[in-house]
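Structure first, then comments.
Side chains included, hydrogens not; waters and symmetry mates left out as well; all remaining heavy atoms used.
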Amino acid sequence: MIRIEKIWRDILKKSGKNEPTFLTGRVDAYYQRTRDPKAGGHILEGRVPGSDDIRLVSNDYLSIASHSKVRKARIDALQENENEMLRSGVYRFGEDSQGQFEAQAAEWLSAESALLSHSGWCANVGLVQSIATPDVPVYVDMMAHMSLWEGAKSAGATARPFRHNTPESLEKLVKKHGQGVILVDSLYSTSGSLCPLVDMVEIAEKYGCMLVVDESHSLGVIGSSGEGMVSEMGLADRVDFRTASLSKAFAGRGGIIIGSKRHIEYIKYESLPSIFSSGLHEHDIAGFSAALEVLQTENFRRERLRSNSDFLRQQLDGMGYNVSPSQSQIMSVVPGPENQTIIFRDALEQRGIFGSVFCAPATPKNRSLMRFSVSAAMTEESLSRVAEVCREVKDIVQSDRWLSTARKSQKRPQPKFFVQEPSMAM
């Protein structure tokens with residue numbers, strides 16, 4: 001039996017407090033679940049990367065966090081707003097900076113209205129909490145972001161998961177349980193797979209369901225001006241709500257909800273995160289406005305990101321790694337059990353390559369993985385180095401024995417919206 005860490009209880013003992021048994025059970029279970037004696041720590045606690053190491057962990061896909069326009073906009077806003085009033089976003093009225101950005105974003109996304117939120121998490125939780133009720137079924141793709149699941153929980157609704165990217169599974173559930181809310185991501189954050197949006201829209205329309213599409217990882221990346229999958233596919237008028245974290249391609253900290261004027265006003269004054277969270281700062285909003293301009297005009301960043309992603313994906317696929325679900329800048333290698341992922345992590349990090357480890361509760365048990373997030377700023381040299389190391393460690397980590405490798409030939413084809421013909425270049 002794995003030795004249970006005593007750190008938490010030692011801290012409480014020193015403070016003179018007794019830990020209640022209901023907490024002891026949960027904390028002990030955590031340490032027992034996450035402490036592999038051979039690993040010596042949590043699966044997420046690997047080496048600390050050095051300055052020369054290659055890190056494929058950033059969500060700044062288009063590499064604009066340090067863009068001169070974005071930095072200048074934030075600095076100017078900080079200097080110009082010495083007496084900024086901090087308050088809940090529901091107390092922002094009129095044509096202020098937030099309202100102006102929301103209008104710009106709505107126009108860009110071919111929508112009537114938009115609402116800024118404190119984060120993508122708050123956007124999803126607040127939206128679903130506001131539109132679902134305990135007697136409304138909420139149909140959730142099994143790989144949808146955890147914030148969508150939490151929104152259903154907050155609404156007191158029953159979440160009914162359907163097989164990832166499988167419209168037939170969704171329709172079967174809707175036929176059985178009736179009209180409800182459908183929750184999907186357009187681009188899934190763990191695998192990089194793309195949602196079959198047309199099928200999801202048709203099911204929602206056929207059965208009178210509301211459709212929510214989280215565009216966190218596609219906004220800025222997909223589309224002629226980065227407008228995301230929904231707009232790129234001409235579905236803006238057929239999707240009820242879109243949400244996004246602005247900490248990805250927008251390289252900031254915030255979230256956004258896109259919808260009709262009727263619905264957005266309702267969400268603003270009914271969503272608990274909207275009411276009880278402090279509003280965004282002026283420099284946050286200024287950064288978003290500048291980032292939007294960059295996203296709309298600097299198409300070379302999307303082209304470079306696509307080229308970089310295609311190169312690494314093809315290299316990994318050619319070596320036998322199962323990255324087949326990905327058609328985007330996100331690709332994951334799935335060792336499976338955590339001890340195997342730890343071995344893979346260590347082999348990569350010892351050679352200067354750092355990815356993002358995903359484990360429960362972000363993934364199903366025994367389906368832990370290593371995610372590589374490609375960016376527009378990566379060079380051919382760095383990408384080749386990543387590929388070289390992945391080839392070098394194949395035998396060490398015994399990737400040919402992974403279940404994901406065995407499943408490689410069984411994967412169903414994925415939609416190819418990210419890799420487009422030259423006439424539709426992003």
Report task. Ignoring hydrogens and angles, state whether a donor on the side chain of Arg242 or Ser186 is under 3.5 Å from an acceptor on the partner side chain. Result -> no
Query raised in the report: Do Ser399 and Lys394 meet the criterion of a side-chain donor-acceptor pair at a distance under 3.5 Å?
Result: yes
Requested in this report: Please collect all salt bridge (Lys or Arg N to Asp or Glu O under 4.0 Å) contacts where either partner lies in residues 275-289, sequence neighbours excluded, each pair once.
Outcome: Arg92-Glu282
Report task. Identify the heavy atoms of Asp214 and Ser216 that sit nearest to each other, and give their distance. Result -> OD1-OG, 2.6 Å
Query raised in the report: Would you say Ser289's side chain and Phe101's backbone share a donor-acceptor pair under 3.5 angstrom?
Result: no
Query raised in the report: Quick check: does any side chain N or O of Gln329 sit under 3.5 Å from a backbone N or O of Leu305, one acting as donor and the other as acceptor?
Result: no
Query raised in the report: What is the minimum heavy-atom distance between Cys209 and Val174, and which atoms define it?
Result: SG-CG1, 3.9 Å
Requested in this report: For the pair Lys72 and Asp76, find out whether any cationic side-chain nitrogen is under 4.0 Å from an anionic carboxylate oxygen.
Outcome: yes
Query raised in the report: How would you list all residue pairs meeting salt bridge (Lys or Arg N to Asp or Glu O under 4.0 Å) that involve residues 380-392, not counting sequence neighbours?
Result: Arg351-Glu392, Arg385-Glu388
Query raised in the report: Sequence neighbours excluded, which residues qualify as side chain to side chain contact (heavy atoms under 4.5 Å, CB included) partners of Gln179?
Result: none
Query raised in the report: Is the backbone of Leu295 close enough, under 3.5 Å, to the side chain of Arg302 for a donor and an acceptor to pair up by distance?
Result: yes
**Report entry** Pairs meeting criterion ring pair (Phe, Tyr, Trp, His ring centres under 6.0 Å) with involvement of residues 63-83, two or more places apart
**Finding:** none
Query raised in the report: Does CD belonging to Glu205 count more than 12 external heavy atoms closer than 6.0 Å?
Result: yes
**Report entry** Considering all heavy atoms, the nearest Val70-Ala290 contact
**Finding:** CA-CB, 3.9 Å
In residues 243-252, what donor-acceptor pairs under 3.5 Å come from side-chain atoms, sequence neighbours left out?
{"from": "Thr243", "atom 1": "OG1", "to": "Asn124", "atom 2": "OD1", "distance (Å)": "2.6"}
{"from": "Ser245", "atom 1": "OG", "to": "Ser247", "atom 2": "N", "distance (Å)": "3.1"}
{"from": "Ser245", "atom 1": "OG", "to": "Ser247", "atom 2": "OG", "distance (Å)": "2.6"}

Query - Test item: Ser154 and Val128 side chains (from C-beta on) under 4.5 Å apart, heavy atoms - result: no
**Report entry** Under 3.5 Å: donor-acceptor pair, side chain of Ser382, backbone of Thr379
**Finding:** yes
Query raised in the report: Between Ile342, Ile43, Leu369, Thr363, which is the residue that forms a side-chain contact (heavy atoms from CB on, under 4.5 Å) with Val357?
Result: Ile43
Requested in this report: Quick one: which residue pairs count as a ring pair (Phe, Tyr, Trp, His ring centres under 6.0 Å) with a foot in residues 135-154, not counting sequence neighbours?
Outcome: none
Query raised in the report: Does any non-hydrogen side-chain atom of Asp185 lie less than 4.5 Å from one of Leu187?
Result: no
Query raised in the report: Should Ser309 and Gln327 count as side-chain neighbours, where that means a heavy-atom distance under 4.5 Å?
Result: no
Query - Sub-4.5 Å side-chain heavy-atom contact between Asp310 and Arg313 - result: yes
Which donor-acceptor pairs under 3.5 Å do the side chains of residues 105-114 make with protein atoms, sequence neighbours left out?
{"from": "Trp108", "atom 1": "NE1", "to": "Ser225", "atom 2": "O", "distance (Å)": "3.2"}
{"from": "Trp108", "atom 1": "NE1", "to": "Ser225", "atom 2": "OG", "distance (Å)": "3.2"}
{"from": "Glu112", "atom 1": "OE1", "to": "Lys261", "atom 2": "N", "distance (Å)": "2.9"}

Query - Centroid separation His164 to Tyr188 less than 6.0 Å - result: yes
Query - Minimum heavy-atom distance Ser332-Val323, with the two atoms named - result: O-CG1, 3.6 Å
Query raised in the report: Do Gln104 and Gln100 have a side chain donor and acceptor closer than 3.5 Å?
Result: no
Show me the side-chain donor-acceptor pairs of residues 50-58 shorter than 3.5 Å, one per line, residues at least two apart or across chains.
{"from": "Asp53", "atom 1": "OD2", "to": "Gly50", "atom 2": "N", "distance (Å)": "2.7"}
{"from": "Ser58", "atom 1": "OG", "to": "Asp60", "atom 2": "N", "distance (Å)": "2.9"}

Query raised in the report: How far apart are the closest heavy atoms of Gln129 and Leu272, and which atoms are they?
Result: OE1-N, 3.0 Å
Report task. For residues 335-376, pull every pair meeting ring pair (Phe, Tyr, Trp, His ring centres under 6.0 Å), keeping only residues two or more places apart or in separate chains. Result -> Phe344-Trp402
**Report entry** Under 3.5 Å side-chain donor-acceptor pair for Glu215 and Ser218
**Finding:** yes
Report task. Report the residues that fulfil salt bridge (Lys or Arg N to Asp or Glu O under 4.0 Å) with Asp199, sequence neighbours left out, ordered by chain and then residue number. Result -> none
Query raised in the report: Residues in side chain to side chain contact (heavy atoms under 4.5 Å, CB included) with Tyr266, at least two apart?
Result: Ser130, Glu270
**Report entry** side chain to side chain contact (heavy atoms under 4.5 Å, CB included) involving Ser169 - partner list, sequence neighbours excluded
**Finding:** Phe162, Arg163, Thr166
Query raised in the report: For Asp135, does the CG atom have more than 12 heavy-atom neighbours from other residues, nucleotides or ligands under 6.0 Å away?
Result: yes
Query raised in the report: Counting distance only, does the side-chain N/O of Thr158 pair as donor-acceptor with the main-chain N or O of Pro137 below 3.5 Å?
Result: no
Report task. Give the minimum heavy-atom separation between Leu115 and Ser274, together with the two atoms involved. Result -> CD2-OG, 4.4 Å
